[in-house]
Enquirer: 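Before anything else, here's the structure in question.
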Amino acid sequence: MTTINFSAGPGALPKSVLKQIQSELFSYKNSGASVMELSHRSSEIIELIEETVEGFKRLLELDDDWEVMLLQGGGTLQFSMVPLNLSREGDLIEYADTGYWSKKAINEAKLCKRKVSVVGFGSDIDTSLPVIDSACTSGSARYLHLCSNNTVEGTQFRDFPDIGTPLVLDVSSDMLSYRMNLDNVSCIYAHAQKNIGLSGLTVVAVRKKYILENNDIPQLLQYRSHIESKSNYHTPPVFSIYVANLMQKWLENEIGGVAAMEEINNQKAKLLYDSIDASNMFRCPVGVNYRSKMNIVFTTGHEETDDKFVAFCKERNIIGVAGHRSQKRLRASLYNAVTIEDVKALTEVISLFEKQAYVYSSHAQFK
Ligand SMILES: *Cc1c(COP(=O)(O)O)cnc(C)c1O
């Protein structure tokens, strides 16, 4: 019996994708060799890279102003590659502080010797999001950085502000989960291991005109190097690109595209939030207007009871519901590969846990 995976990352993969990987592991496209062994200069792999870049452009609905790069180093390396390529030393850049990952991005940008201004704080980042508008920004920054989905806190921006300053988005945990409006955006980045495949691959999409000439940074860190060499500047993470390619085909052919995925993700999130809100034992601490549709944070309000719930889930083959190590809460991540049936199974376990706690424990904690 396989488990249902609600892990925050690496996330679940569709069974059909895993089966396809298994079926062609020894011979990729009848080449007689595994995709892991083929040269990155072979026609098969050059074609795979091109097709995957095109796939992301199509799924993200990007026009020819944009370049898509397939890189390594995770979301974390983009915390420095973004300031290095889209600004110069001493330039003003603005960052919204919305939680764990945005703080890391802020720290890295500072290490790049940029003038980093943190905007829009003041709200409780564990339960809400700050308002980002032209009143809180200078209007003269190179860009404003936002983490679109705060994976740890369970908050999500769905409408991106139009403040005149181009936006850079860390979309690591919600890329391709819904149709994002990128009108005011100059750059997005996401590693693949949450919604679009495996770790090892990081996808960066940038509007060409925002890339600055910065010849004083190492070649490997320059977006130009990767654009000019068509994401084959050095040995790329071929296997992760291959899996991302299969994920694109799954999304387009089995799900029906990003709009259809959005519909399913809306249903999944509603199911789980409704069941938490209806429960007498669990609650979601995040305000209704800020709730993420990808990472759903909830708690009984008691650490021990939360831990018991994690064990209770595990006995029923449900894994990945413990919260981030920085937070003493529960979290279920509803990435693209998680199905509506998976979420239903979790809501059933939530009500079963509640019933059993009510029957067996006179000390059951209710909100
Ligand atoms: C997980 C995560 C990261 C970190 O990505 P790595 O690939 O582990 O470097 C960055 N940003 C967000 C929003 C994340 O959820």
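The structure displayed is predicted, hence computed values, not measured ones. All residue numbers in this chain count up from 1 along the given sequence. In listed order, ligands and their atoms are each counted from 1.
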Enquirer: Would C313 and L346 count as a side chain to side chain contact (heavy atoms under 4.5 Å, CB included) here? Give the steps.
Expert: CA-CA 8 Å; C313 283; L346 180 59; 4.2 Å; yes
Enquirer: Is atom NZ of K230 surrounded by more than 12 heavy atoms (other residues, nucleotides or ligands) closer than 6.0 Å?
Expert: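 For K230, atom NZ is not crowded (no more than 12 foreign heavy atoms under 6.0 Å).
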Enquirer: Residue-level breakdown please: for Y100 versus ligand 1, do any non-hydrogen atoms fall below 4.0 Å on the side chain, on the backbone, on both, or on neither?
Expert: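 It is neither part, as no heavy atom is under 4.0 Å.
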Enquirer: State whether the shortest distance between N or O atoms of G75 and N or O atoms of ligand 1 falls below 3.5 angstrom.
Expert: yes
Enquirer: Return the closest protein heavy atom for atom 8 (O) of ligand 1 as residue, atom name and distance.
Expert: Q193 NE2, 3.7 Å
Enquirer: Which of the atoms in ligand 1, numbered in the order shown and given with their element, are less than 4.0 Å from a heavy-atom of C147?
Expert: 13 (C)
Enquirer: Which atom pair, heavy atoms only, marks the closest approach of A345 to I4?
Expert: CB-CD1, 3.8 Å
Enquirer: What atoms in ligand 1 come closer than 4.0 Å to a heavy atom of S172?
Expert: 10 (C), 11 (N), 12 (C), 13 (C), 14 (C)
Enquirer: Tell me whether ligand 1 is touched by Q78 - counting only heavy atoms on the residue side and a distance under 4.0 Å.
Expert: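 Q78: no contact with ligand 1 (<4.0 Å).
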Enquirer: At under 4.0 Å between heavy atoms, is it the side chain or the backbone of A8 that contacts ligand 1, or both, or neither?
Expert: neither
Enquirer: For ligand 1, is any non-hydrogen atom under 4.0 Å from K104's backbone (N, CA, C, O), its side chain (CB onward), both, or neither?
Expert: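 No part of K104 is near ligand 1 at this cut-off.
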Enquirer: Among T151, T98, N149, D174, whose heavy atom sits nearest atom 15 (O) of ligand 1?
Expert: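 Going through T151, T98, N149, D174 one by one, T151 has the nearest heavy atom to atom 15 (O) of ligand 1.
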Enquirer: Mark up the atoms of ligand 1 that fall under 4.0 Å of a heavy atom belonging to H191, in ascending order.
Expert: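 Atoms satisfying the 4.0 Å criterion: 1 (C), 2 (C), 3 (C), 4 (C), 5 (O), 6 (P), 7 (O).
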Enquirer: Please report which non-hydrogen protein atom sits nearest to atom 14 (C) of ligand 1, along with the residue it belongs to and the distance in Å to one decimal place.
Expert: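 Atom 14 (C) of ligand 1 sits closest to the protein heavy atom K194 NZ, 2.9 Å.
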Enquirer: With heavy-atom distances below 4.0 Å as the criterion, list the atoms of ligand 1 near G74.
Expert: 7 (O), 9 (O)
Enquirer: Look at ligand 1 and say whether G9 reaches it with a heavy atom at a distance under 4.0 Å.
Expert: no
Enquirer: Quick one: look up the protein heavy atom nearest atom 9 (O) of ligand 1 and list residue, atom name and how far away it is.
Expert: T76 OG1, 2.5 Å
Enquirer: Quick one: are the ring centres of F309 and F282 less than 6.0 Å apart?
Expert: yes
Enquirer: Please step through ring pair (Phe, Tyr, Trp, His ring centres under 6.0 Å) for the pair Y28 and Y242, ending with a clear verdict.
Expert: CA-CA 10 Å; Y28 175 68; Y242 159 71; 5.6 Å; yes
Enquirer: Passes side chain to side chain contact (heavy atoms under 4.5 Å, CB included), Q219 versus Y233? Steps please.
Expert: CA-CA 10 Å; Q219 283 266 282; Y233 177 72; 3.2 Å; yes
Enquirer: Compare every heavy atom of K115 with every heavy atom of G90, then report the nearest pair and how far apart it is.
Expert: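 Scanning both residues, the minimum pair turns out to be O-CE, 3.6 Å.
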Enquirer: For a side chain to side chain donor-acceptor pair (under 3.5 Å) with S173, tell me which candidate from N195, N149, N150 qualifies.
Expert: N149
Enquirer: Both conditions, 6.0 Å and 45 degrees, for the charged tip of R316 above the ring of F312: are they met here?
Expert: yes
